[in-house]
Structures are given as C-alpha cells and as structure tokens.
2 protein chains.
Amino acid sequence: MSDKLRPGADDDTSSARRPVTLQDVAKAAGVSVATVSFVANDRRDVRVADATRARVQRVIDDLGYRPNVMAQTLQHGRSRFIGLVADAIATTPFAGQIIHGAQDEAWKHGYVLLIANTEGDTEAEREAIAMMLEHRVHGVLYSTWFHRAAELPAGLRQADVVMVNCFSPTQEARGVVPDERQGGRTATEALIASGHRRIAFINATTPAPAQTGRLQGYQDALAAAGIDFDPSLVRYAFSDQEGGYDAAGEVLETDATAVFCYNDRMAMGLYDRLRERGLSIPQDMAVVGFDNQEVIAAHLRPPLSTVGLPHYELGAAGVRVLLGLEAPDDDGMTIVACPPFLRDSIVPPALS
Amino acid sequence: MSDKLRPGADDDTSSARRPVTLQDVAKAAGVSVATVSFVANDRRDVRVADATRARVQRVIDDLGYRPNVMAQTLQHGRSRFIGLVADAIATTPFAGQIIHGAQDEAWKHGYVLLIANTEGDTEAEREAIAMMLEHRVHGVLYSTWFHRAAELPAGLRQADVVMVNCFSPTQEARGVVPDERQGGRTATEALIASGHRRIAFINATTPAPAQTGRLQGYQDALAAAGIDFDPSLVRYAFSDQEGGYDAAGEVLETDATAVFCYNDRMAMGLYDRLRERGLSIPQDMAVVGFDNQEVIAAHLRPPLSTVGLPHYELGAAGVRVLLGLEAPDDDGMTIVACPPFLRDSIVPPALS
DNA sequence: GTGAAAGCGCTAACAT
DNA sequence: ATGTTAGCGCTTTCAC
C-alpha cells in the first residue's frame with residue numbers, strides 16, 4: 001500500500017499532523033490569541049485594525065486553522081448537537097427519510113445530528129441516551145419507524161425531547177406525527193372524485209394509529225360525499241403483498257369498483273390478484289395505496305396513486321419544535337399532512 | 001401545553017438544569033476531583049480505598065453525574081468521532097444500510113458517527129467536511145449510494161479517509177467496495193446449477209463498475225461451466241422496471257430459458273412482461289436479479305432469487321479499515337462479497 | 001486597538 | 001491513599 005493511502009499515520013515533513021491552534025496562529029501573526037479569536041469569528045463588534053485583521057486572516061488561511069469545536073463548546077456551555085434516537089435506521093426506507101429531514105433542518109440552523117440506532121433494544125437505547133447526554137446535546141429526537149405510541153425511556157427525562165413519528169400516551173413529551181386521518185380521507189376522496197361510490201377499504205389487522213386513522217378518514221370522505229358507509233366493504237388483512245393478494249379475493253366478491261389499500265405493499269398484492277383474474281386497472285378496478293413507497297408505487301403497471309407519509313417533514317418539524325422555531329398544538333402535538341400522489345391507477349393516463 | 005412538556009425550560013426546584021460536574025461530585029463527596037475522576041472512569045490501576053470508591057460512586061449515582069465528553073476530548077487530544085459523508089442519505093434504501101453498518105461497528109468500538117449529507121452538492125460537501133474537521137474527527141468515511149469512481153474532495157486531504165462503495169481512480173485513499181464480478185458469477189451460477197445453459201443477461205446501459213463487473217462474472221460462470229458466451233444473449237436497457245420490461249421483449253425472441261437481470265427493478269419489469277405473455281416463472285423462464293431490494297425481491301410472485309449488495313458490511317468494513325482493525329489489499333482496496341439470496345424464481349418451491 | 005488572564009470540565013503528573 | 005495543579009483550545013472581560 002502506497003504511503004499516501006494513510007495520511008495521519010506517517011507524514012514525513014511538518015508538524016506531525018497536530019491541528020493548528022489559535023496559539024499557533026497568534027504566534028505566527030505576532031498578535032495575541034484574543035485578536036485571532038476576534039478575527040476568526042469575524043466579530044465586527046470588536047475593534048480590530050483593518051491591517052491587523054487582514055494579516056491575521058492571511059495567517060489563518062495559510063496555516064489552515066480551524067476552530068476546535070470541543071473547546072468552543074466547553075467554553076460557552078452548550079453544544080450544537082441534536083441527538084436522534086431511532087429504533088430502526090435502515091431496516092426500512094422510512095427511517096432514512098426522518099433522518100434526512102432532521103439532518104437538513106438541523107444543518108440549516110448550525111446544528112449537527114448525533115444519530116444512534118437502537119433496533120428496539122432497550123440496552124442499546126440506554127447507552128445511546130447516555131452517549132447523547134454525555135455530549136451535552138441541545139435536545140433529543142426520539143423516533144420510531146412506524147407511527148405508534150411509545151414510552152419515553154427514563155434517561156430522557158433530563159433532556160429536552162421531541163418524539164418523532166410517535167407519541168407519549170401520558171403526554172410526557174411533545175410529538176410530531178403524520179395526519180393519518182386526513183391521509184385516509186385524501187385517498188378516498190381521490191376515488192370519489194373520479195366517480196366511484198362503491199369503494200372498498202383493505203385495512204391492516206394490526207392495531208395502530210394508521211389503522212384507526214385511515215379508517216376514520218375513509219369514513220369522513222364517504223360522509224362528506226353523502227355515501228353510506230358499508231362495513232362489508234371494509235376488509236382486514238396482514239399489511240404486506242400476500243395480505244393484499246388475499247384480501248383482493250374478498251373484495252372481488254363485492255360490487256366495489258374501487259379499492260383503497262392500507263399501504264402500497266398490499267396494493268401490490270392486489271395488482272397481482274387482479275392481473276390473475278384478467279382484470280385491468282383502473283378500468284375494472286381503481287386503486288389507491290398509502291405510503292408512496294417509491295420503488296413500488298411509481299413503478300407498478302400502471303403506476304399507483306397513493307398518499308405519502310411525510311417522513312422527511314416529520315424529521316424536519318421535529319428539529320424545529322426542538323429548537324423552538326415552531327410551536328406545537330396545545331396538547332404538545334404537531335400534525336403533519338399526508339400529501340397525495342396521483343398516478344394512473346385511478347384514471348387512465350389518456351383520460352386524465 | 002403542560003409544563004412537563006418542556007423540561008429544560010422551566011424547572012422549579014434544583015439547580016436550574018446545569019449539568020453536574022466533577023467538581024460538584026467532589027464537593028458533595030468531600031474528596032478531590034482527581035479521586036472522583038478515577039472512580040468515574042473505574043481506573044483500577046490507581047489506588048483508591050474501597051470505602052472511598054463506594055462513597056464517591058454513590059454520590060455520582062445520586063447526583064446523576066455524567067462526564068462531559070467535550071472536556072474529555074479536549075483533554076486528551078483526540079475525539080471518538082468518525083465522520084460519514086454520504087451523497088444520498090435517504091434517496092435510496094441503500095445509503096441507509098451503509099450508515100447502519102458504519103454506525104454499529106463504530107459504536108462497538110466506542111466511536112460515534114457524525115453524519116453529513118451532501119446530496120451531491122459540492123458546497124454542502126465542503127461545509128460537511130469543514131464541520132467534521134472542526135470536530136476533530138478520528139477519520140472520515142466518504143460514501144456514495146451506488147458503486148462508482150469518485151474524486152476525493154480537497155478538504156479531506158488533511159484527514160484519514162476511507163472511501164465506501166466508491167474508490168479513487170488515482171488511489172488517493174483506501175476504499176471498500178462490493179465484489180460485482182463475484183456477484184455476477186454467483187447469480188449466473190445459480191441458474192447454471194439448475195440446468196440452464198441458454199442464459200440471457202439484461203445489463204444496464206449506464207457505465208459503472210456494476211455494469212462491467214457483473215458482465216465479467218456472468219462470463220466467468222459460463223466459462224467455468226463450459227458454456228460458450230453468446231453476445232446475442234446480452235441485452236442492454238435502462239436499469240429500472242420499464243427497462244426490464246422492454247428488454248424482456250427482446251429476450252423472449254431468443255431461445256434463452258433463464259435470465260440474469262442487472263437488478264431487481266429490471267426483474268420486476270421482466271415479471272410484468274412474462275405475465276403479460278402468459279409465461280410463468282420459473283417454469284417457462286428462470287429469473288435471477290441483483291441488489292436484493294427487500295420490498296421487491298422478497299415479495300414478487302414468485303419471490304425473486306437475487307444477489308445482495310453488502311451495504312451494511314461496506315459501512316462496517318469502512319470503519320474497521322479506518323480504525324486499523326482490518327488491513328486492505330496491497331492496492332488499498334477491501335473487496336466485500338455479494339451473497340446470494342435464493343428464492344423461488346429459479347426452481348419452483350415444490351421441487352427445490 | 002490589542003493583550004493578559006480567568007475559566008469552561010476534565011485528566012494525569014506530581015505532591016503529600 | 002488522596003489532594004493539588006497544570007494545562008487541553010477557546011472566549012471574553014478588563015487593562016493598558
């Protein structure tokens with residue numbers, strides 16, 4: 001392996017890689033550290049002769065000086081860290097978006113994210129929280145990969161916490177969650193808007209805010225359109241492709257002309273079943289999903305209309321709430337809307 | 001909003017939320033800071049009376065003392081941070097796995113990941129690197145979401161860098177990459193193993209290590225099995241569902257009995273085409289993909305056999321190389337194998 | 001305008 | 001066996 005492949009290890013010339021400090025710059029520029037500090041931080045409120053300023057700046061650039069954030073932090077007491085505890089960082093595409101949103105928003109305000117991954121393990125969670133507290137984080141985002149109630153770990157009591165994609169049943173902390181109900185309503189309305197009145201809903205069997213919320217939204221939409229709610233049009237199945245495939249069979253025995261699926265994966269299974277029966281989408285059956293899972297929704301044949309979960313926005317809003325840039329509702333909650341993504345599974349492209 | 005929803009802001013009792021310091025503990029325990037430091041760090045090499053040790057420990061627990069990592073870092077010069085620069089943190093499920101692997105491995109060795117997301121933006125990249133240098137990171141992982149050559153940003157020269165899922169054509173840094181060639185060979189071998197000899201390969205049009213590597217692997221496998229390479233069985237298409245669908249049409253005009261698709265998305269398109277023609281998998285056509293994209297591969301009908309990209313392992317290996325726990329090859333590269341995931345698209349479940 | 005010096009919380013060498 | 005103290009790199013008040 002050539003030498004250049006290992007920078008830090010063996011540098012022949014120069015100062016054995018010790019980072020340049022304020023002292024170094026001060027000495028080289030023939031001024032005091034205070035002056036260098038003022039110049040480095042571009043403090044215009046302090047009087048420093050232009051000549052000095054320019055000279056010092058040159059030395060800073062020449063030496064490649066960079067402030068040591070640890071020292072700065074130690075000095076003025078508070079760090080620019082925000083902790084993010086996630087229960088699944090990559091088991092799912094969703095968690096990534098939360099991180100992404102939090103990351104961008106934090107960055108925008110000069111904060112850096114400290115990410116920890118617990119995979120649902122309580123011990124890992126404890127350690128992660130300890131780590132964050134030891135880094136004197138400004139606050140912590142406690143996030144889950146799917147929308148649910150969650151108990152706040154004891155260690156987090158001493159920190160400023162915002163729950164993301166989850167909430168505390170006992171109102172221990174503020175929370176940012178998606179508006180499942182509005183999402184369900186939006187999905188159903190898309191179907192109603194193109195003339196359907198017999199609309200089935202394939203819901204999940206697993207109890208969750210999504211399950212109840214989307215059902216309510218479905219009912220809201222029907223009610224608003226003056227369509228009677230028919231319980232026999234609501235089916236339950238496990239929330240994956242196989243579940244969707246199975247439930248599709250049941251739906252085909254009803255007179256439904258459109259289906260709202262709890263999620264895109266179920267819609268994918270439903271596509272399979274419809275295709276098997278020689279039925280075409282949306283002519284024989286209009287379909288709308290939920291989640292907007294890119295790999296699935298945008299690339300099924302035909303592309304699936306769906307409603308997106310605002311994961312990116314949840315992460316971003318979490319940071320904003322934490323930094324006090326956005327005020328939650330009176331109950332401490334911030335509800336984020338689920339946007340529709342209309343594609344060709346409701347109205348064929350040519351007709352739209 | 002109830003008061004308890006905002007911890008840091010307004011605590012009635014106690015010390016206005018100022019974190020407990022060594023000093024505090026020392027005072028409360030009636031010993032010196034040195035002693036507390038020894039106890040807190042559980043330094044068994046220093047003599048501290050058991051009684052004192054116990055007493056101090058009690059105070060530490062009571063007061064909820066936590067060391068200030070900034071101060072510790074400042075003291076002994078080097079941080080426990082590892083930077084991770086990613087060009088797409090959540091645009092794709094892949095980047096997440098790299099982060100996940102790096103995270104776990106770093107954590108295992110007492111390091112914390114500092115993540116920055118550039119979305120390919122050079123300016124963001126510059127800032128991210130500056131941030132990491134200012135945090136005095138131990139080293140930096142520079143990662144890309146798909147395997148490719150990449151130029152190392154200038155700022156990173158001053159850091160110890162390992163490239164993850166990418167490499168420097170000019171050998172400026174060590175790199176960890178997937179073994180595309182072995183992956184292509186593995187995929188093809190799975191088809192050969194179940195008796196196929198006329199095997200088509202739907203490759204991507206985009207030049208990339210994956211494109212050339214997988215083709216080589218395909219040829220390696222054929223050669224090893226004594227099957228002549230027939231260029232007419234290799235087709236090129238854009239690497240998504242639509243591309244796979246289109247190329248499938250071409251493949252059906254050959255006498256191929258099996259297809260190796262450049263990735264799972266293309267395989268998904270191929271499934272669509274085959275279904276359209278009333279052909280069944282694997283009876284009429286055996287299929288193997290690449291990437292092991294969970295949402296797709298595991299849930300197509302039939303579930304797709306594929307080869308996985310070792311993103312998690314790439315991240316983990318990157319950390320190990322950075323920490324000097326794993327030695328790269330002579331050229332500074334670490335090659336990670338792509339494992340096969342056999343499902344029902346090659347041999348029907350009943351027969352396997 | 002610029003410099004000297006205190007101190008943020010911690011570790012470790014040196015006293016006692 | 002425990003205490004004292006000098007910094008780590010930085011910011012900031014207060015002198016000059």
Side-chain angles (χ1 to χ4, degrees), chain A residues 15-57 59-60 63-81 133-138, chain B residues 15-57 59-60 63-81 133-138:
Chain A
S15 53
R17 190 88 1 205
R18 188 178 59 77
V20 182
T21 71
L22 263 194
Q23 287 272 17
D24 298 336
V25 179
K27 204 164 300 176
V31 294
S32 77
V33 288
T35 306
V36 182
S37 174
F38 294 145
V39 176
N41 294 11
D42 198 33
R43 300 245 330 226
R44 288 272 152 210
D45 55 324
V46 204
R47 318 237 55 91
V48 176
D50 282 354
T52 313
R53 195 179 283 278
R55 182 161 45 91
V56 172
Q57 187 58 58
V59 178
I60 287 178
L63 265 46
Y65 166 75
R66 287 183 184 292
N68 181 327
V69 177
M70 311 298 159
Q72 287 180 317
T73 298
L74 187 57
Q75 167 60 28
H76 62 268
R78 341 159 303 148
S79 82
R80 301 290 276 182
F81 285 125
L133 260 21
E134 288 173 10
H135 279 87
R136 299 294 185 266
V137 292
H138 182 107
Chain B
S15 53
R17 190 90 353 209
R18 189 180 57 77
V20 182
T21 72
L22 263 194
Q23 289 270 18
D24 298 335
V25 179
K27 204 164 301 174
V31 295
S32 77
V33 287
T35 305
V36 182
S37 173
F38 294 145
V39 175
N41 295 12
D42 199 32
R43 299 245 333 225
R44 288 270 151 214
D45 55 324
V46 204
R47 318 235 58 93
V48 176
D50 282 353
T52 313
R53 194 179 284 276
R55 181 160 43 92
V56 173
Q57 187 59 57
V59 178
I60 287 179
L63 265 48
Y65 166 74
R66 288 184 184 289
N68 181 327
V69 177
M70 310 298 159
Q72 287 180 317
T73 297
L74 187 57
Q75 166 60 26
H76 61 266
R78 340 160 305 149
S79 82
R80 300 291 276 184
F81 285 127
L133 260 24
E134 289 173 9
H135 278 87
R136 299 292 186 267
V137 293
H138 182 105

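Below, read A as the first sequence line, B as the second, and so on, with proteins coming before strands; counting in each chain starts at 1.
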Asker: Kindly say if B/Thr35 contacts the phosphate of D/dG3, meaning a side-chain N or O under 4.0 Å from OP1 or OP2.
Answerer: yes
Asker: Within the structure, does a side-chain N or O atom of A/Gln72 lie under 4.0 Å from either OP1 or OP2 of D/dT11?
Answerer: yes
Asker: D/dG9 P sits how many Å from B/Leu133 CG, rounded?
Answerer: 16 Å
Asker: Test side-chain contact (heavy atoms from CB on, under 4.5 Å) on A/Arg66 and A/Val20 and set out the steps.
Answerer: CA-CA 7 Å; A/Arg66 287 183 184 292; A/Val20 182; over 6 Å; no
Asker: Using atom CD of B/Gln23 as one end and atom P of D/dT4 as the other, report the distance to the nearest whole Å.
Answerer: 11 Å
Asker: What does A/Arg66 touch in the nucleic acid at a heavy-atom separation under 4.0 angstrom: a base, only the sugar-phosphate, or nothing?
Answerer: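 Since only primed, P, OP1 and OP2 atoms lie under 4.0 Å of A/Arg66, the category is sugar-phosphate.
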Asker: Between B/Thr52 and D/dA1, does any side-chain N or O lie under 4.0 Å from OP1 or OP2?
Answerer: no
Asker: Taking atom P of D/dC8 as reference, at what distance in whole Å does atom CG of B/Leu22 sit?
Answerer: 19 Å
Asker: Classify B/Val46 by what it touches in the nucleic acid, base, sugar-phosphate, or nothing, heavy-atom distance under 4.0 Å.
Answerer: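 No contact.
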Asker: Within this structure, what is the CZ-to-P distance between A/Arg47 and D/dT12, rounded to whole angstrom?
Answerer: 17 Å
Asker: So, OP1 or OP2 of D/dC10: does either fall under 4.0 Å of a side-chain N or O from A/Ser37?
Answerer: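 A/Ser37 to D/dC10 OP1/OP2: no side-chain N or O under 4.0 Å.
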Asker: When the distance from CZ of B/Phe38 to C1' of D/dT5 is rounded to whole Å, what number comes out?
Answerer: 13 Å
Asker: For A/Tyr65 and B/Gly30, find the nucleotide of DNA chain D closest to each by heavy atoms; which residue's nucleotide sits nearer the 5' end?
Answerer: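 With A/Tyr65 and B/Gly30 compared, the 5'-side residue is B/Gly30.
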Asker: Measure the distance from CZ on A/Arg18 to C1' on D/dG7 and round it to the nearest whole Å.
Answerer: 14 Å
Asker: I want to check one thing: is the phosphate of D/dT11, taken as OP1 and OP2, less than 4.0 Å away from some side-chain N or O of A/Asn41?
Answerer: yes
Asker: Shoot me the first and last contacting nucleotide of DNA chain C against chain B, ordered 5' to 3', at under 4.0 angstrom to non-hydrogen atoms.
Answerer: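 Answer, 5' to 3': C/dG9 to C/dA12.
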Asker: If you apply the rule side-chain contact (heavy atoms from CB on, under 4.5 Å), what do you find for B/Asp24 with B/Thr21, and how did you get there?
Answerer: CA-CA 5 Å; B/Asp24 298 335; B/Thr21 72; 3.4 Å; yes
Asker: Kindly determine whether A/Leu22 and A/Tyr65 satisfy side-chain contact (heavy atoms from CB on, under 4.5 Å), including the steps that lead there.
Answerer: CA-CA 8 Å; A/Leu22 263 194; A/Tyr65 166 75; 3.5 Å; yes
Asker: Any idea which of D/dG9, D/dA1, D/dG3 is nearest the B/Ala49 side chain?
Answerer: D/dA1
Asker: Look at the rings of A/Phe81 and A/His135 and say which category their plane angle falls in: under 30° parallel, 30 to 60° tilted, over 60° perpendicular.
Answerer: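 Judged by the thresholds at 30° and 60°, the geometry between A/Phe81 and A/His135 is perpendicular.
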Asker: What is the distance, to the nearest angstrom, from the CD atom on B/Gln75 to the P atom on D/dG9?
Answerer: 10 Å
Asker: Write down the distance between CZ (A/Arg80) and P (D/dC10), rounded to a whole number of angstrom.
Answerer: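 Checked: the CZ to P distance equals 18 Å.
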Asker: Does B/Arg53 reach a base, just sugar-phosphate, or nothing at all? Heavy atoms under 4.0 Å.
Answerer: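 Result for B/Arg53 = nothing.
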Asker: When we call it a touch if two heavy atoms are under 4.0 Å apart, what does A/Pro67 touch: a base, just sugar-phosphate, or nothing?
Answerer: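 Result for A/Pro67 = sugar-phosphate.
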